[in-house]
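These notes are about the structure you will find just below.
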Amino acid sequence: MTTPTHEQTHTHKHEHESPSWHSMTPSGQGTVMLNIGNGIGALIINTPGRMHGREIEVSPVDDPARRTHAAVRARYVWGGVCYSVVLDSLPEGRYTVWDNPVTPLGEVDVPSGGVADFTWPVAAAVA
């Protein structure tokens, strides 16, 4: 089962119960399967727990209008719980991680056939 995401150019309002937050149950152990391979990678964005349910967007650096997003979920791991976004099926390349719809937070390289990791800065999560 993959984390629900969709990719599109956002030329419309994107309505959820709240514009950038979801309410969802945690993922159980072993419930994430990644679609990665030749030319396709994945990105894991680790966040503080207070971001649980928040929707995070990424886009190719050279095409900021082409956004993909998923919500922060609780992930039960050995020894506790972590909070993260998992985005798979991303074409390899450099991506912008967005703090909000207009503010870029950072950039990360998604490798072909691999998984990139990005840690949300604590100062950004507090703001």
Side-chain angles (χ1 to χ4, degrees):
M1 177 166 81
T2 59
T3 302
T5 63
H6 66 271
E7 183 177 314
Q8 64 186 359
T9 300
H10 285 257
T11 57
H12 63 279
K13 280 193 159 201
H14 195 85
E15 300 295 332
H16 291 288
E17 286 181 27
S18 171
S20 63
W21 293 83
H22 291 272
S23 176
M24 56 185 44
T25 59
S27 296
Q29 290 180 338
T31 61
V32 177
M33 182 185 308
L34 300 176
N35 179 25
I36 60 175
N38 188 22
I40 303 293
L43 172 60
I44 297 173
I45 302 172
N46 297 296
T47 72
R50 66 183 159 273
M51 292 182 66
H52 184 248
R54 180 174 172 187
E55 188 173 282
I56 296 177
E57 293 184 321
V58 302
S59 68
V61 167
D62 61 353
D63 190 1
R66 197 176 87 215
R67 308 259 176 119
T68 298
H69 65 264
V72 174
R73 297 186 63 165
R75 315 267 176 193
Y76 290 93
V77 295
W78 182 259
V81 61
C82 65
Y83 295 86
S84 62
V85 168
V86 178
L87 297 155
D88 70 337
S89 301
L90 296 174
E92 70 177 301
R94 191 151 185 86
Y95 285 80
T96 300
V97 177
W98 294 89
D99 184 26
N100 59 52
V102 296
T103 308
L105 182 67
E107 295 182 1
V108 62
D109 290 309
V110 173
S112 174
V115 180
D117 185 63
F118 182 89
T119 299
W120 197 271
V122 174
V126 173

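Just the heavy atoms: all of them, side chains too, but no hydrogens, waters or symmetry mates, feed the values below.
The distance from atom CG of Leu34 to atom CG of Leu90, rounded to the nearest 0.5 Å, is 10.0 Å. Distance check: Glu57 CD to Arg66 CZ gives 13.5 Å after rounding to the nearest 0.5 Å. Here Ile45 contributes atom CD1 and Asp117 contributes atom CG; the two are 9.5 Å apart, rounded to the nearest 0.5 Å. The line from OG of Ser59 to CD of Glu107 is 9.0 Å long, rounded to the nearest 0.5 Å.
Tyr83 approaches Gly49 most closely through the heavy-atom pair CD1-CA, 3.2 Å. When all heavy atoms are compared, the tightest approach of Ala116 to Val110 is CB-CA, 4.1 Å. Minimum heavy-atom separation, Leu105 to Pro121: CD2-CD, 3.6 Å. For the pair Pro91 and Ile40, the tightest heavy-atom approach, listed with the atom from each and the gap, is CA-CD1, 4.1 Å. Ser84 and Thr47 get closest at one heavy-atom pair: N-OG1, 4.3 Å. Contact detail for Ser112 and Asn38: the closest heavy-atom pair is OG-C, 3.6 Å.
For the pair Pro111 and Glu92, the minimum side-chain heavy-atom distance is 4.5 Å or more. Proximity of Tyr95 to Thr68: side-chain heavy atoms (C-beta onward) are nowhere separated by under 4.5 Å. Side-chain contact between Val58 and Val108 is absent, with no heavy-atom pair separated by less than 4.5 Å. Residues Pro64 and Thr96 form no side-chain contact, since every pair of their non-hydrogen atoms from C-beta on lies 4.5 Å or further apart. Proximity of Ile56 to Trp120: side-chain heavy atoms (C-beta onward) are separated by under 4.5 Å at one or more points.
Listed for the Arg73 side chain is no donor-acceptor partner under 3.5 Å among the backbone atoms of Val86. A donor-acceptor pair under 3.5 Å links the side-chain atoms of Asp88 to the main chain of Asn35, judged by distance alone.
With Phe118 as reference, Val97 is the one residue of Val97, Asp109, Val85 to meet the side chain to side chain contact (heavy atoms under 4.5 Å, CB included) rule.
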